[in-house]
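Because the structure is predicted, anything quoted here is derived from the model rather than measured.
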Amino acid sequence: QVQLVESGGGLVQPGGSLRLSCAASGIIVSSTTMGWYRQTPGKERVLVAVIKAGGFANYADSVKGRFAVTRDRSKNTMYLQMDSLKPEDTGVYYCNEAQWTLIERGPPNDINYWGKGTLVTVSS
């Protein structure tokens, strides 16, 4: 079974940084296209960062130049480095499998497992 555990969120002032972690089991992070989704109240999850098995990454326009997604094979963990944070980055962040073409869009319909997410709040 797939288990995904997100961590690293918190309260940060605008301009600050956070690094989110996604510890995975049941899937091999380094051989799977995966990404980070953000959800805000009343909205669906939206893919903001995606990384292919080969390491190529893409980002939503709103976070380009500020976020970076990476993976650690030895730990089977995916990370999201978040710099220059803005209030609009606020939300619950989830990791999961992803599709490259769905950047800035909702997750595919066949995903039936999710972690609890980690809350990122950017506020002064």
Side-chain angles (χ1 to χ4, degrees):
Q1 65 187 76
V2 176
Q3 292 182 321
L4 301 165
V5 181
E6 301 93 346
S7 63
L11 174 64
V12 64
Q13 294 183 347
S17 297
L18 289 171
R19 190 177 75 155
L20 309 184
S21 297
C22 171
S25 62
I27 57 173
I28 301 175
V29 168
S30 61
S31 62
T32 305
T33 299
M34 298 188 66
W36 288 92
Y37 299 83
R38 181 180 66 226
Q39 186 172 40
T40 54
K43 305 289 185 179
E44 69 171 343
R45 293 180 179 94
V46 176
L47 184 65
V48 299
V50 59
I51 185 168
K52 291 183 176 181
F56 294 99
N58 196 21
Y59 305 90
D61 288 342
S62 61
V63 307
K64 283 183 178 178
R66 300 187 297 113
F67 290 10
V69 60
T70 58
R71 293 182 289 195
D72 186 327
R73 181 186 299 270
S74 65
K75 297 180 179 179
N76 201 37
T77 298
M78 181 174 65
Y79 303 94
L80 184 66
Q81 179 65 45
M82 311 166 70
D83 296 326
S84 301
L85 282 161
K86 302 177 180 180
E88 51 263 44
D89 297 321
T90 294
V92 179
Y93 284 75
Y94 301 85
C95 61
N96 216 314
E97 297 180 68
Q99 296 180 12
W100 186 269
T101 58
L102 294 182
I103 191 71
E104 300 184 273
R105 300 170 64 182
N109 294 328
D110 59 355
I111 293 181
N112 59 4
Y113 52 86
W114 294 93
K116 295 181 179 180
T118 185
L119 175 63
V120 172
T121 302
V122 184
S123 176
S124 60

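- Met78 and Tyr37 fall into different hydrophobic clusters, where Ile, Leu, Val, Met, Phe, Trp and Tyr are joined by side-chain heavy atoms under 4.5 Å apart, directly or via other members.
- Closest non-hydrogen pair, Thr70 versus Ile51, comes out as CA-CD1, 4.3 Å.
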Query - Pair Leu47-Arg105, side-chain contact (heavy atoms from CB on, under 4.5 Å): steps then yes or no - result: CA-CA 6 Å; Leu47 184 65; Arg105 300 170 64 182; over 6 Å; no

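- Rounding to the nearest 0.5 angstrom, the gap separating the CD1 atom in Ile111 from the CZ atom in Arg45 is 9.0 Å.
- Put simply, the side chain of Tyr93 reaches to within 4.5 Å of the side chain of Leu80, judged on heavy atoms.
- The shortest distance between side-chain heavy atoms of Val50 and Met34 does not fall below 4.5 Å.
- Atom CD1 of Ile28 is surrounded by 12 or fewer heavy atoms from other residues, nucleotides or ligands within 6.0 Å.
- In the hydrophobic clustering of this structure, Trp100 groups with Ile103; members are Ile, Leu, Val, Met, Phe, Trp, Tyr whose side-chain heavy atoms approach within less than 4.5 Å, directly or through other members.
- At a threshold of 4.5 Å between non-hydrogen side-chain atoms, the residues Leu4 and Ile27 count as touching.
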Report task. Apply side-chain contact (heavy atoms from CB on, under 4.5 Å) to Arg38 and Ser62, showing your working. Result -> CA-CA 12 Å; Arg38 181 180 66 226; Ser62 61; 4.3 Å; yes

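- The distance from the OG1 atom of Thr40 to the CD atom of Glu88 is 11.5 Å, given to the nearest 0.5 Å.
- Going from atom CG of Asn58 over to atom OG1 of Thr33 covers 12.0 Å, rounded to the nearest 0.5 Å.
- Residues Met82 and Tyr59 share a hydrophobic cluster, clusters being chains of Ile/Leu/Val/Met/Phe/Trp/Tyr side chains in contact below 4.5 Å.
- Looking only at side-chain heavy atoms (C-beta outward), Cys22 and Tyr94 stay at 4.5 Å or farther from each other.
- Taking all atoms of both residues into account, the shortest heavy-atom contact from Ser84 to Arg66 is O-NH1, 3.0 Å.
- Grouping the Ile, Leu, Val, Met, Phe, Trp and Tyr side chains by contacts below 4.5 angstrom, directly or via other members, places Leu18 apart from Tyr79.
- Summarising the geometry of Val63 relative to Val48, their closest heavy-atom pair is CG2-O, 3.5 Å, with the distance given to 0.1 Å.
- Ion pair Asp61/Lys64 flagged as a salt bridge, since at least one NZ, NE, NH1 or NH2 atom sits closer than 4.0 Å to an Asp/Glu carboxylate oxygen.
- Residues Trp36 and Phe67 are not in side-chain contact: their nearest non-hydrogen atoms beyond the backbone lie 4.5 Å or more apart.
- The shortest distance between side-chain heavy atoms of Ser123 and Pro87 does not fall below 4.5 Å.
- Looking only at atom types and distance, the side chain of Asp83 has a donor-acceptor partner in the side chain of Ser17 under 3.5 Å away.
- Minimum interatomic distance between Val69 and Ala57 (heavy atoms only, all atoms of both residues): CG1-CB, 3.7 Å.
- By the 4.5 Å heavy-atom criterion applied to side chains, Thr118 and Val92 are not counted as neighbours.
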